[in-house]
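Here the structure is laid out as structure tokens; the discussion comes afterwards.
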Amino acid sequence: MIVSPSLLSCDFANIQRDVQMLNNSEADWLHIDVMDGVFVPNISFGLPVVEAIKKHAKKPLDVHLMIVNPDQYIGDFKRVGAEFLTIHYEACTHLHRSVQLIHQHEMKAGVALNPHTPVDVLSEIICDLDLVLIMSVNPGFGGQKFIPQAVEKVKKLQNIIQRSGSKALIEIDGGVNLETGKILADAGADALVAGSFVFGSENPISTISQLKKL
Ligand code: DX5
Ligand code: ZN
């Protein structure tokens with residue numbers, strides 16, 4: 001299992017310390033949640049903070065943009081060090097063009113789906129994607145309750161991926177813990193994002209290693 005701890009739940013006054021902790025853990029990627037207060041009802045952090053994280057991170061940055069008009073910032077996120085750039089289906093009128101733009105900037109392209117969005121909307125573009133991020137909470141906040149319909153979506157998406165020959169990874173974001181993580185792993189998830197479960201635990205390093213084993 002690929003594990004991508006979400007820095008949304010880290011201690012913002014000690015980001016460097018928390019990034020170093022993740023460097024020393026079995027985490028595969030660092031999940032970075034960028035929110036604009038328009039696409040989602042919350043504001044998190046922007047480019048300068050991602051740039052500061054990059055200076056200390058020894059793992060790839062898995063950047064999740066919860067913003068409108070993401071095309072406008074694709075070059076900027078490359079500049080500050082994103083390896084994976086995930087944009088929301090619901091925020092892109094010309095999704096194919098946006099995905100092409102991410103690839104032109106030599107990043108892996110991901111598309112995120114809100115809980116109400118069916119996975120079928122990606123069937124015509126799945127071969128162009130490196131990653132699909134299934135939201136198992138409504139985006140905007142950490143620490144929310146897992147929406148169980150996400151499990152069926154993982155299975156349906158896996159079907160679409162297998163039929164098309166796409167190499168896209170399936171990543172899940174929201175309410176992931178050992179219990180929901182196990183169900184998602186069995187359903188075919190490749191990667192798990194976990195924020196409050198990792199940073200709220202007594203020993204984040206061992207929590208990450210438990211998630212790795214799912
Ligand atoms: C929510 C973010 C998540 C968030 C997950 O909008 O996309 O990445 O950090 O937090 P938990 O794991 O606490 O549900
Ligand atoms: Zn996220």
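The residues of the chain are indexed from 1 along the displayed sequence. Order of listing sets the numbers, starting from 1, for every ligand and every atom in it.
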Check L129, I125, L133, I126 against V111 for a side-chain contact (heavy atoms from CB on, under 4.5 Å) and give me the one that passes. L129
Nearest-0.5 Å distance that lies between atom CG in L211 and atom CD1 in I2: 13.0 Å
Are E83 and K54 close enough for a salt bridge, meaning some N to O gap below 4.0 Å? yes
Report for the Zn ion (ligand 2), protein N, O or S closer than 2.8 Å, by chain and number, lists H31 NE2, D33 OD1, H64 ND1, D173 OD2
Find the distance between CD1 (I134) and NZ (K156) and round it off to the nearest 0.5 Å. 10.5 Å
Check the angle between the aromatic planes of F12 and F45 and answer parallel, tilted or perpendicular using the 30° and 60° thresholds. perpendicular
Indicate whether the side chain of H103 and that of D130 have a donor and an acceptor atom separated by less than 3.5 Å. yes
I'd like to know if the side chain of N177 pairs up with that of T180 as donor and acceptor (distance under 3.5 Å, no hydrogens or angles considered). yes
Side chains of H64 and D62: donor-acceptor distance under 3.5 Å anywhere? no
Would you say that more than 12 heavy atoms from the other residues, nucleotides or ligands in this model lie under 6.0 Å from the CZ of F141, or not? yes
Tell me, which residues have any heavy atom less than 4.0 Å from some atom of ligand 1? S6, L8, H31, D33, M35, H64, M66, M135, P139, G140, F141, G142, G143, D173, G174, G175, V193, A194, G195, S196
